[in-house]
Protein chains: 2
Amino acid sequence: MLEVDLRSLRYFITVAEERHIGRAANRLHMTQPPLSRAIRQLEDELGVLLFERTPKGVTLTPAGKVLYDETGALLGRADRIRRRVAAAAGTAPLAIGTLADAAEQVGDRLVSLFRARYPHVHVSIHESGLGDPTAGLRAGLVDVAITRTPFDDTGISMHVLRSVPVGVVMRDDDPFAGHASVSSTDLAGRRWVRLPEGADPAWAAYWTGSGDNDNGASPVMRTIQECLQAVLWNGTSALAPIDQPLPAGLVVVPLDDRPPSDLVVAWPRTVCSPLVRGFVQVAKHCRHT
Amino acid sequence: MLEVDLRSLRYFITVAEERHIGRAANRLHMTQPPLSRAIRQLEDELGVLLFERTPKGVTLTPAGKVLYDETGALLGRADRIRRRVAAAAGTAPLAIGTLADAAEQVGDRLVSLFRARYPHVHVSIHESGLGDPTAGLRAGLVDVAITRTPFDDTGISMHVLRSVPVGVVMRDDDPFAGHASVSSTDLAGRRWVRLPEGADPAWAAYWTGSGDNDNGASPVMRTIQECLQAVLWNGTSALAPIDQPLPAGLVVVPLDDRPPSDLVVAWPRTVCSPLVRGFVQVAKHCRHT
DNA sequence: ACGTCCGATACCGCCCGGGTATCGTGCTTG
DNA sequence: CAAGCACGATACCCGGGCGGTATCGGACGT
């Protein structure tokens with residue numbers, strides 16, 4: 001049984017229109033050799049020569065012309081089928097949770113990629129405070145979350161997007177401000193920002209200097225921006241991923257005795273919705289610079 | 001861009017008809033897990049649940065029903081395109097050469113597989129004598145050859161189907177008949193079958209005990225059957241692959257100091273015809289027991 | 001004659017799509 | 001009710017396919 005896949009047909013159409021494999025490869029965002037190979041494989045599959053190769057490009061053979069004329073309709077029909085199937089499934093909504101402002105850029109990128117791929121899906125974004133590292137997943141408020149480790153992950157599956165070391169955010173007039181790194185013992189006696197009560201214990205312990213501080217007096221932080229402002233104004237300290245963009249007057253010094261924190265996409269382990277898995281696929285396949 | 005391939009759609013159709021992944025896997029000559037995975041991936045691709053999973057099988061969701069109804073037409077159109085393209089290319093003939101009766105079984109299998117895959121192609125088979133190891137390739141009589149090494153392969157590409165040690169064919173009353181193997185020195189003074197004059201030197205040297213014999217008296221052998229008869233009747237000896245089927249009264253004793261001979265499919269290095277490449281593909285993918 | 005511009009080839013690394021073994025679960029059955 | 005069974009799901013392995021880079025060969029056009 002012959003099994004052409006639609007991708008190679010799109011390749012063929014592009015080459016036929018450009019009359020030039022190199023230019024077609026450009027349009028397809030790939031390089032020339034794999035495209036040459038794909039065309040040759042399509043020819044082998046059909047047992048027919050589709051292009052004449054000339055020194056200045058390629059031209060369609062009669063068989064290639066027939067394939068070109070017929071293929072457009074086939075691809076069009078395939079797209080129509082996709083739309084009809086999506087319509088028949090109804091407009092299933094997808095709720096995405098994000099951890100406060102911790103994952104803004106990557107979250108925006110992922111969501112826009114997801115929207116491009118599943119145009120018929122209604123996406124809602126729920127930004128949660130720093131008190132809930134599951135960003136609403138635990139509470140069932142969202143279907144999938146973009147957040148950070150560590151937290152209690154029983155019943156939750158995760159895919160790591162990026163693993164980032166963590167550091168101490170301090171004012172640039174801090175005695176440690178110039179250091180290449182610090183360790184926990186250097187930080188004894190500091191006042192730390194306070195997370196909301198009831199937060200996941202592993203999470204709270206990780207982000208607040210092991211919690212051995214008198215932080216009853218600090219106000220509760222709900223976003224990273226609030227944390228940074230507290231550091232600037234109150235002389236408290238906070239932990240943050242070292243790639244956190246900082247306002248002027250603040251620096252982050254790597255903390256060398258704490259494991260990195262992972263930027264992850266997380267979802268309930270028992271999920272069956274294809275949309276959630278599709279979101280995870282998008283996250284897996286795109287580059288996280 | 002979404003890229004469903006037609007294979008996964010055929011999988012889907014089969015599962016939808018069987019209402020049972022295991023049975024569908026059987027019909028598709030594959031096992032259940034990869035089929036489950038393929039269905040799930042199709043669902044992810046479309047962002048839609050296609051089947052309800054139940055303890056006794058699967059049932060189509062509304063979206064799945066729509067896909068089922070639409071997909072048949074798509075696959076039918078794909079098949080029609082294949083036929084039209086093949087027709088537009090005209091009925092390109094393919095000439096296949098085989099080395100005498102040396103490759104009968106495998107040749108028959110390959111040719112029938114090729115015919116099944118390219119039904120529109122007219123295939124002709126040219127059986128050559130033992131004097132031409134290229135089976136007509138060198139002379140331009142055929143497009144592709146099923147033959148044996150060794151021969152001068154300049155300008156010729158090959159794909160090895162099977163590598164078989166070579167042995168001496170002798171009568172079962174020969175002094176060496178019971179031996180597990182023999183070496184060239186054991187065979188001094190024997191009379192050997194004679195190949196046609198002008199055969200490829202490497203080829204002739206390989207198959208006739210290094211050619212240091214008085215074989216002016218032996219008749220020229222044109223097929224393996226003739227060789228075997230000569231051994232039976234004239235007391236000459238011959239070399240043959242050790243898997244050569246033998247008539248009663250003959251045995252083959254492995255020759256332990258000669259490299260094996262490869263059963264190969266060969267074609268001109270400068271080939272551009274998709275049919276030749278298709279034939280090679282068929283040869284590569286089928287099992288050669 | 002040589003540079004340039006094609007497509008073709010060679011080779012590499014990763015991912016995908018096959019496989020086997022095993023699990024979880026809901027239904028059946030003694 | 002416990003045990004078996006039947007089904008799909010999961011985990012893991014392995015080979016092939018499809019991306020990539022580097023390079024070749026050949027046909028023009030100065």
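Protein chains get the first letters and strands the later ones, always in sequence-line order, with residue 1 at the start of each.
- Computed from coordinates, the B:D5 CG to D:dG16 P distance equals 19 Å when rounded to whole Å.
- Distance A:E52 CD to C:dA8 P: 12 Å, rounded to the nearest Å.
- Between A:D243 and A:R162, at least one side-chain N (NZ, or NE/NH1/NH2) sits under 4.0 Å from a carboxylate O, which counts as a salt bridge.
- Residues satisfying the side-chain contact (heavy atoms from CB on, under 4.5 Å) criterion with B:S8, sequence neighbours excluded, are B:V4, B:L42.
- Between the CG atom of B:L42 and the C1' atom of C:dG17 there is a distance of 15 Å, given to the nearest Å.
- Proximity of the aromatic rings of A:F151 and A:Y206 is defined here by a centroid distance below 6.0 angstrom, and this criterion is not met.
- Taken over five-pair windows at either terminus, the axes of the helix from C:dA1-D:dT30 to C:dG30-D:dC1 are inclined to one another by 10° (rounded to 10 degrees).
- For residues 26-35 of chain A, the side chain to side chain donor-acceptor pair (under 3.5 Å) pairs, not counting sequence neighbours, are A:E17-A:R27, A:E18-A:R27, A:Q32-A:S36.
- The interatomic distance linking A:F51 (CZ) with C:dA8 (P) rounds to 11 Å, in whole Å.
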Show me the protein contacts with nucleotides 2-4 of chain D, counting only N or O atoms at under 3.5 Å.
none

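- Under the salt bridge (Lys or Arg N to Asp or Glu O under 4.0 Å) criterion, B:D44 pairs with A:R277, sequence neighbours left out.
- Partners of B:K65 according to the salt bridge (Lys or Arg N to Asp or Glu O under 4.0 Å) rule, which considers only residues two or more places apart in sequence or in another chain, are B:D69.
- Residue order along DNA chain D, read from the 5' end via each residue's closest nucleotide, puts B:P34 first among B:P34 and B:Q281.
- For B:R40, a side-chain nitrogen or oxygen approaches OP1 or OP2 of D:dT10 to under 4.0 Å.
- Note on residues 51-62 of chain B: pairs passing salt bridge (Lys or Arg N to Asp or Glu O under 4.0 Å), not counting sequence neighbours, are B:E43-B:R53.
- Residues passing the side-chain contact (heavy atoms from CB on, under 4.5 Å) test with A:R77 are A:R80, A:I81, B:A73, B:L74, B:R77, sequence neighbours excluded.
- No more than 12 heavy atoms of other residues, nucleotides or ligands shown are found within 6.0 angstrom of CZ on A:R19.
- The salt bridge (Lys or Arg N to Asp or Glu O under 4.0 Å) search around B:D262 returns none, not counting sequence neighbours.
- Rounding to whole angstrom units, CZ of residue A:R7 and P of C:dC16 are separated by 12 Å.
- Protein atom CD of A:E18 is 16 Å distant from nucleotide atom C1' of C:dC5, rounded to whole Å.
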Below 3.5 Å is the cut-off: list the nitrogen or oxygen pairs between protein and nucleotides 5-8 of chain D, distance only.
residue, atom, partner, partner atom, Å
D:dC7, O5', B:H20, NE2, 3.0
D:dG8, OP1, B:I21, N, 2.6
D:dG8, OP2, B:G22, N, 3.1

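- Nucleic acid contact for B:Y11: sugar-phosphate only, since backbone atoms but no base atoms lie under 4.0 Å from a heavy atom of the residue.
- Looking at residues two or more places apart in sequence or on another chain, you find no salt bridge (Lys or Arg N to Asp or Glu O under 4.0 Å) involving B:R40.
- Distance from the side chain of B:R37 is smallest for C:dG18 among the nucleotides C:dG19, D:dT10, C:dG18.
- Residue A:D44 contributes atom CG, which lies 16 Å from atom C1' of D:dG16 at whole-angstrom precision.
- One atom, CD1 of B:I39, and another, P of C:dC16, lie 18 Å apart when rounded to the nearest Å.
- For A:S112, there are no side chain to side chain donor-acceptor pair (under 3.5 Å) partners at least two apart in sequence or on another chain.
- Closest to the side chain of B:P33, from the set C:dG18, C:dA21, C:dG17, is C:dA21.
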